[in-house]
Amino acid sequence: MSEVRVRFAPSPTGKLHIGGARTAIYNWAFARATGGTFVLRIEDTDPERSTKENIDLIIRAMRWLGLDWDEGPHIGGDYGPYMQTERFDTYAEALEQLKASGNVYPCFCTSEELAARREAVQAGAANEPDPCRSLSHEEAQKRIDAGEPHVWRLKVPEDRGTIVVHDIIHGDAEFDAALMDDMILVRSDGTPTYNFAVVCDDVNMKMTHIIRGDDHLSNTPRQVLVYEALGYPTPTFAHLPMICGPDGKKLSKRHGAASVEEYRDMGYLPDALFNYLALLGWAPDGETTLFTREQMAKLFTLERISKNPSSLDYDKLEWINSQYIQQMGAAAFVDTLAPYLIEAGYAADETGVEALRSRLEAIYPLVNERVKLMTEAVPMIAYLLDDSIELDEKSVEKVLRKEGKGAKTALVEAAAVLEDCPWTVEGIEAALRGLCEKLEAKPKFVFQPIRVAVCGNMVSPPLFESIELLDRGVVEQRLRAAAELAVD
RNA sequence: GUCCCCAUCGUCUAGCGGUUAGGACGUCGGCCCUUCAAGCCGAAGAUCGCGGGUUCGAAUCCCGCUGGGGGCGCCA
């Protein structure tokens, strides 16, 4: 078997869509699993909607996800260029070949005529062959020479019969060629249409497998016709089921996040999003849910891709994200936290973050089981970073100002007890537990006021560990300040 | 309208002729406990969309129906 070559071919009309991201992941995984080549090709033939910025955005999002490719824009390769707008000569060449072999013909119909015909057909009228198809060579040439605008259409062979699309995921799908109209290959402005450009590129770039969205399945028989007209064997197809929103409907802005960037901004880790997306439509077995890119690259097969469309489940994504945060380790945590710290003003730049590194790494074990989204981290640890803190109003009401609970006494006594205890988690815990006994109070009535005083909230990371990470003076000051507000 | 695709707990899925239909997220309950989490234990939750076949036996194979999705662009 010849070497596997696959590609991800986004059109830069927007950011990297979540569905596109998964397509890219599967292509990547298949290439890595088979020792094949993964190609990135930019389909920018639509000048109206394609932008340079989007190309950068897509490439950056792919890198962020941890994807790498063997050939593509910037890095080159043996089958470049990898932007369709730079490959126009190859399409022109292909068109000449098709003209010579008589597989195409010029069509002079206007867009209006076409639209009217299309409407008639969709309303139930019989699908008539394009009138230009029967124009004589001479007549057609005369009109071309006269400068009449025309497109080039593919001539569907009359006796083509059934077109079978071999798809690894869906099996064989059969289409009747008689129902297929002569699609436009080259527009009147000379540019190739999508269906023509893809086939030319996939042929010239020697693609062996086409892994793409389900939405292309119905277009595939048309493309097969182009392969045949060009005289090339068709590659193997794998059409991925669509990804829907949580409500099972098509993904749109209404459902929130449609682009990879948005997920990044919401605080998802690239490893987690990768893992989740990989799992959306593919499973290594019935058990495994957490795996790395490397593991997927070993286990991936197209045969195990699911046929049914899947709905996004943010709860599961979030759970996967929390699993990764829990296990990522202190160093990686600080690295990914850096931009958030800078944005929140805790550091001016990367260097500033480095100055805080050891402290942040010490904080990690207190929050790694609590942070589900990276966006939650900074607010959660602010009380360990700021000199002064603001007490949560609700917590003050429910814990410090609650009469009959002895909050004020607990705070005053705690300040005293912490004055000379060993400043270790054990020392602090011993001192405060001793205080509970001395006051004959349930731990809850001693610890909660202290928590509010020190952490600013009745809900917080572990208390003794938090205190240990703060300076003794700061803790005392917070306890005294809170005692002022508290009642017994 | 027409062609194509799809159909297992709420969600993602395992299953590929014989299983008590398995797992994960979520949900609910319990343990732990100074809060929130995490962790551990347990439970509920799927007459495998419906109806016909084939077969000793069907979630698995065949046909029909229904429901959902997609294509039918000088968009990709």
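Protein chains get the first letters and strands the later ones, always in sequence-line order, with residue 1 at the start of each.
Between the P atoms of B:rU60 and B:rG15, the separation comes to 15 Å (whole Å). Rounded to whole Å, the separation between the C1' atoms of B:rA37 and B:rC32 comes to 13 Å. Separation of the P atoms belonging to B:rG51 and B:rG67 is 16 Å when rounded to the nearest angstrom. One C1' atom belongs to B:rG70, the other to B:rA76, and the distance between them is 15 Å to the nearest Å. Between B:rG10 and B:rG45, the distance separating the two P atoms is 11 Å to the nearest Å. Comparing B:rC63 with B:rG23, their C1' atoms sit 33 Å apart, to the nearest whole Å. Taking atom C1' on both B:rC9 and B:rA24, the two are 12 Å apart, rounded to the nearest angstrom. Distance noted for atom P between B:rA59 and B:rC16: 13 Å (whole Å).
Per the geometry, CD belonging to A:Q223 stands 18 Å off P belonging to B:rC4, to the nearest Å. Separating the NE2 atom of A:H239 from the P atom of B:rC5 is a distance of 12 Å, rounded to the nearest angstrom. Distance A:L463 CG to B:rA37 C1': 15 Å, rounded to the nearest Å. In this structure, CG of A:L179 is placed 11 Å from P of B:rU2, rounded to the nearest angstrom. Regarding A:F464, its CZ atom lies at a distance of 11 Å from the C1' atom of B:rU35, rounded to whole Å. Following rounding to the nearest Å, A:D247 (CG) and B:rG10 (P) show an atom-to-atom distance of 16 Å. A:E287 places its CD atom 12 Å from the P atom of B:rA14, with the value rounded to the nearest Å. Atom CG of A:L400 is separated from atom C1' of B:rU35 by 14 Å (rounded to the nearest Å).
Nucleic acid contact for A:Y276: none, since no nucleic acid atom lies under 4.0 Å from a heavy atom of the residue. Among the heavy atoms of the strands, none lies under 4.0 Å from A:G213. Among the protein residues, A:E318 comes within range of no part of the nucleic acid, since none of its heavy atoms lies under 4.0 Å from any strand.
Judged by the 6.0 Å and 45° rule, A:R293 forms a cation-pi pair with A:F274. Taking the ring centre of A:Y82 as origin, the terminal cationic atom of A:R41 falls outside the region bounded by 6.0 Å and 45° from the ring axis. A cation-pi contact links A:K99 to A:W152, judged by a cut-off of 6.0 Å to the six-membered ring centre and 45° from its axis.
Projected onto RNA chain B by closest heavy-atom contact, A:G286 and A:D315 fall at different nucleotides, the more 5' of which corresponds to A:G286.
Phosphate proximity of B:rA24 to A:T288: absent, as no side-chain N or O sits under 4.0 Å from OP1 or OP2. Not one side-chain nitrogen or oxygen of A:R370 sits closer than 4.0 Å to the OP1 or OP2 atom of B:rG39. Proximity of A:N308 to the phosphate of B:rU8: a side-chain N or O atom is located under 4.0 Å from OP1 or OP2. Proximity of A:Q323 to the phosphate of B:rA37: no side-chain N or O atom is located under 4.0 Å from OP1 or OP2. Taking side-chain N and O atoms only, A:K307 has a distance below 4.0 Å to OP1 or OP2 of B:rC6. In this model, the phosphate group of B:rA38 is approached by a side-chain N or O of A:K372 to a distance below 4.0 Å at OP1 or OP2.
A salt bridge does not link A:K316 with A:E318: none of the charged nitrogens is closer than 4.0 Å to a carboxylate oxygen. With salt bridges taken as basic N to acidic carboxylate O contacts below 4.0 Å, none links A:K408 and A:E413.
B:rG51 is paired with B:rC63 under the Watson-Crick or G-U wobble criterion, all donor-acceptor distances under 3.5 Å. Base pairing analysis places B:rA24 opposite B:rU11; the two distances defining the Watson-Crick or G-U wobble pair are each below 3.5 Å. Of all nucleotides present, none satisfies the Watson-Crick or G-U wobble test against B:rA38 with each distance under 3.5 Å. Using the Watson-Crick or G-U wobble rule with both distances under 3.5 Å, B:rC72 pairs with B:rG1. With both pairing distances under 3.5 Å, B:rC16 is matched to nothing as a Watson-Crick or G-U wobble pair.
Side chains of A:D44 and A:Q84: no donor on one and acceptor on the other come within 3.5 Å. Between the side chains of A:D215 and A:H239, not a single donor N or O lies within less than 3.5 Å of an accepting N or O.
Between A:L280 and A:Y26, the shortest heavy-atom contact is O-OH, 3.2 Å.
Listed candidates were B:rU11, B:rA7, B:rG39. Nearest to the side chain of A:Q326 is B:rG39. Nearest to the side chain of A:A283, among B:rA14, B:rC6, B:rG23, sits B:rA14. Which of B:rA38, B:rC4, B:rC12 sits closest to the side chain of A:E369 comes down to B:rA38. With distances taken from any side-chain atom of A:Q448 to the nucleotides B:rU35, B:rU11, B:rC6, the minimum falls on B:rU35. Closest to the side chain of A:P462, from the set B:rA38, B:rU13, B:rU35, is B:rU35.
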Produce a footprint string for nucleotides 69-76 of chain B: one letter per nucleotide, 5' end first; B if the base is under 4.0 Å from any protein heavy atom, S if only the sugar-phosphate is, - if neither. -BSSSBBB
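Two rings, from A:F30 and A:H209, have their centers less than 6.0 Å apart.
No more than 12 heavy atoms of other residues, nucleotides or ligands shown are found within 6.0 angstrom of CD on A:E48.
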